[in-house]
Amino acid sequence: MEINLSVNGSQVARDVTPMTTLSDFLREHLSLTGTHIGCDTSSCGACTVTMDGKAVKSCTVLAVQANGSEIITIEGLSENGSLHPVQEAFKEHHGLQCGFCTPGMVMTAVDILQNNPNPTEQEIRHGLEGNFCRCTGYHNIVKSVQHAAQSLNA
Amino acid sequence: MIPAKFDYIKATSIDQAISLLSQHGYEAKILAGGHSLLPAMKLRLNRPSVLIDIGGIDALGSITDEGDAIKAGANCTHYEIANSNLVKSHVNVLSQTARVIGDVQVRYRGTIGGSLAHADPASDYPAAILATDATISVRGSNGARDISATEFFQGIFTTALGEDEIITSIRFPKTANGTYVKFFQSASRFAVVGCAAVKNGNGIRVGITGVADTPYRASAVEQAYDGTTSAADHAIDGVDVMSDHFASEEYRAHLAKVFVRRALEQL
Ligand SMILES: Cc1cc2nc3c(=O)[nH]c(=O)nc-3n(C[C@H](O)[C@H](O)[C@H](O)COP(=O)(O)OP(=O)(O)OC[C@H]3O[C@@H](n4cnc5c(N)ncnc54)[C@H](O)[C@@H]3O)c2cc1C
Ligand code: FES
Ligand code: FES
């Protein structure tokens, strides 16, 4: 099936089978391998991208369901070669170790801050419920999101 | 993981979805948010050969004030329900329920119609559906009908929905005072036990999910209610309590009483 969608601001048209997940589409068809596949069963959140501005687990969306939508992946966050404030905060505050969960964490954090520019620690933890990290113990991730909120509001 | 081969059809109207469903019979499945169906298909627990996507049908997507009730279209996402001002002011128990389903990403995609049709015994909505005495409106090739909350749920993954019927909307009578409390499965966040309670005149209505293979109205609690929390002891009267790797029968029975008590405390 032919699908047309916007990915990181560029219009793309591709022929996909209905069985193709959005995560496979991004990685295999568009070579955007920043979107990671952890569990492939909608549990871990590593594959999170935004679809029409909302964080979704791309392993549990069919590419054909994303037809006509606007997708932003981790590759689409930086502008003119400078990191997005959320990425900058993760780097600065050790919000990652192995980095596997990071693209999903960052995309979900971007969604949280869009809806709630001044989240409490509790709201950040609640917002990140669908994203698992096996390295950091979460504290520095939460701290990174808090700092990102400050710099986005500055 | 890749699901077994299927054809995908994007339906543009309710009528088209129903006619496709009757045309393809049991080979076909409705696709709404996909957050129960797609994981099951990837695990090959489910192998429909045709998926009928109702996600783009606008007529299934709104929340409206119907005077004495709030009507939610089947395609309303958990996120939309949790954040709707109409739902917050008139059926607060539903808003509280939607807010604790899964995680942010699941709430953006998953729909109330999909959740009810799927009828996972650990799903959250059934408690609120029963406690508010909601009505489920469905449509099929034989026309439209309404199904009461108590008739809708029939067992594990089993409902009163006919083969070629789809849920179109759910009607919630306005209820001022209500609450939903839940004991989360530690990994998936589904409900090991979930209890919704609402004031109903001088009495209460109580819906319980997660405890038995079918969600139920806790009539024994409702009858014993005397304004205190002692009625919670009747949470599982006459109920066959489930046992699984999340909670043994004994533990679940205990949790049911604790969570009914907590709900009553908040009324
Ligand atoms: C990680 C994760 C955590 C979750 N946690 C929870 C939780 O805590 N609590 C909870 O309650 N749920 C939870 N869920 C399930 C989630 O709420 C699903 O969104 C919901 O059960 C199904 O809705 P859907 O729109 O995604 O339906 P789909 O997956 O698209 O469909 C589910 C079933 O319903 C049928 N269907 C869909 N719409 C209709 C309709 N209008 N009429 C007739 N049949 C229809 C489909 O054919 C299919 O059989 C979780 C899911 C995931 C992936
Ligand atoms: S890979 Fe999609 S949620 Fe884990
Ligand atoms: S940094 Fe390794 S999983 Fe999160």
Side-chain angles (χ1 to χ4, degrees), chain A residues 1-3 16-25 28 37-69 104-105 107-116 119 123-132, chain B residues 1-12 28-57 75 77-80 82-83 99-111 114 184-190:
Chain A
M1 287 184 70
E2 162 101 0
I3 58 168
V16 297
T17 71
M19 287 68 80
T20 314
T21 59
L22 178 58
S23 51
D24 281 340
F25 174 70
E28 310 292 333
I37 298 175
C39 63
D40 211 3
T41 58
S42 66
S43 305
C44 75
C47 64
T48 301
V49 301
T50 63
M51 176 161 151
D52 295 328
K54 297 186 170 105
V56 300
K57 294 177 179 172
S58 60
C59 71
T60 310
V61 175
L62 298 172
V64 287
Q65 287 178 292
N67 190 14
S69 70
M105 286 288 177
M107 295 312 293
T108 308
V110 167
D111 178 282
I112 294 173
L113 296 176
Q114 254 162 21
N115 288 311
N116 181 359
E123 285 167 340
I124 295 172
R125 288 186 186 275
H126 184 61
L128 292 173
E129 233 166 28
N131 292 75
F132 297 169
Chain B
M1 283 176 291
I2 302 167
K5 197 166 181 302
F6 60 85
D7 290 327
Y8 170 89
I9 308 172
K10 181 134 183 126
T12 51
K29 277 248 166 220
I30 295 286
L31 174 68
H35 271 54
S36 291
L37 185 56
L38 295 177
M41 286 172 61
K42 287 164 83 177
L43 294 169
R44 309 257 171 147
L45 297 170
N46 221 317
R47 301 164 162 257
S49 54
V50 180
L51 277 193
I52 304 163
D53 187 355
I54 59 167
I57 302 179
N75 277 356
T77 62
H78 313 329
Y79 173 80
E80 286 162 348
N83 289 289
R99 220 174 300 152
V100 294
I101 296 176
D103 49 53
V104 181
Q105 294 98 318
V106 171
R107 291 193 289 275
Y108 276 142
R109 296 292 299 161
T111 68
F184 292 86
Q185 282 175 11
S186 46
S188 76
R189 320 299 284 160
F190 272 89

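Below, chain A is the first sequence line, B the second, and so on; all start at residue 1.
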Option that, when pairs with chain A are counted at under 4.5 Å, heavy atom only, ranks first among B:Leu37, B:Asp7, B:Leu31 = B:Leu31
With distance as the sole criterion, is a donor-acceptor pair present between the side chains of A:Asn131 and B:Gln105 under 3.5 Å?
-> yes
Would you mind checking which part of [X] comes under 4.5 Å of any heavy atom in chain B, side chain (CB onward), backbone (N, CA, C, O), both or neither?
X: A:Cys47; answer: neither
X: A:Thr48; answer: side chain
X: A:Leu62; answer: both

Using every non-hydrogen atom in the two residues, find where [X] and [Y] come nearest and quote the distance to one decimal.
X: B:Ala32; Y: B:Asn75; value: CB-OD1, 4.4 Å
X: B:Arg47; Y: B:Ala4; value: NH1-CB, 3.9 Å
X: B:Tyr108; Y: A:Ala55; value: CD1-O, 3.1 Å

Under 4.5 Å heavy-atom distance to chain A, tell me which part of B:Leu51 shows up: side chain, backbone, both or neither.
->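 Answer is side chain: those atoms of B:Leu51 sit under 4.5 Å from chain A.
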For B:Lys5, is it the side chain, the backbone, both, or neither that has a heavy atom closer than 4.5 Å to a heavy atom of chain A?
->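 Answer is both: backbone and side chain atoms of B:Lys5 are under 4.5 Å from chain A.
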Which one of [options] has the most heavy-atom pairs closer than 4.5 Å to chain B?
options: A:Thr20, A:Val64, A:Val56; result: A:Val64
options: A:Thr17, A:Asn115, A:Leu128; result: A:Asn115
options: A:Met1, A:Met51, A:Gln65; result: A:Gln65
options: A:Gly45, A:Ser42, A:Cys59; result: A:Cys59

Side-chain touch A:Ile37/A:Asp24, heavy atoms, less than 4.5 angstrom | yes
Once you round to the nearest 0.5 Å, how far does CG of A:Asp111 lie from CG of A:Asn116?
-> 10.5 Å
Is there a donor-acceptor contact under 3.5 Å from the side chain of B:Arg99 to the main chain of B:Asn83?
->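 Between the backbone of B:Asn83 and the side chain of B:Arg99 there is no qualifying donor-acceptor contact (under 3.5 Å).
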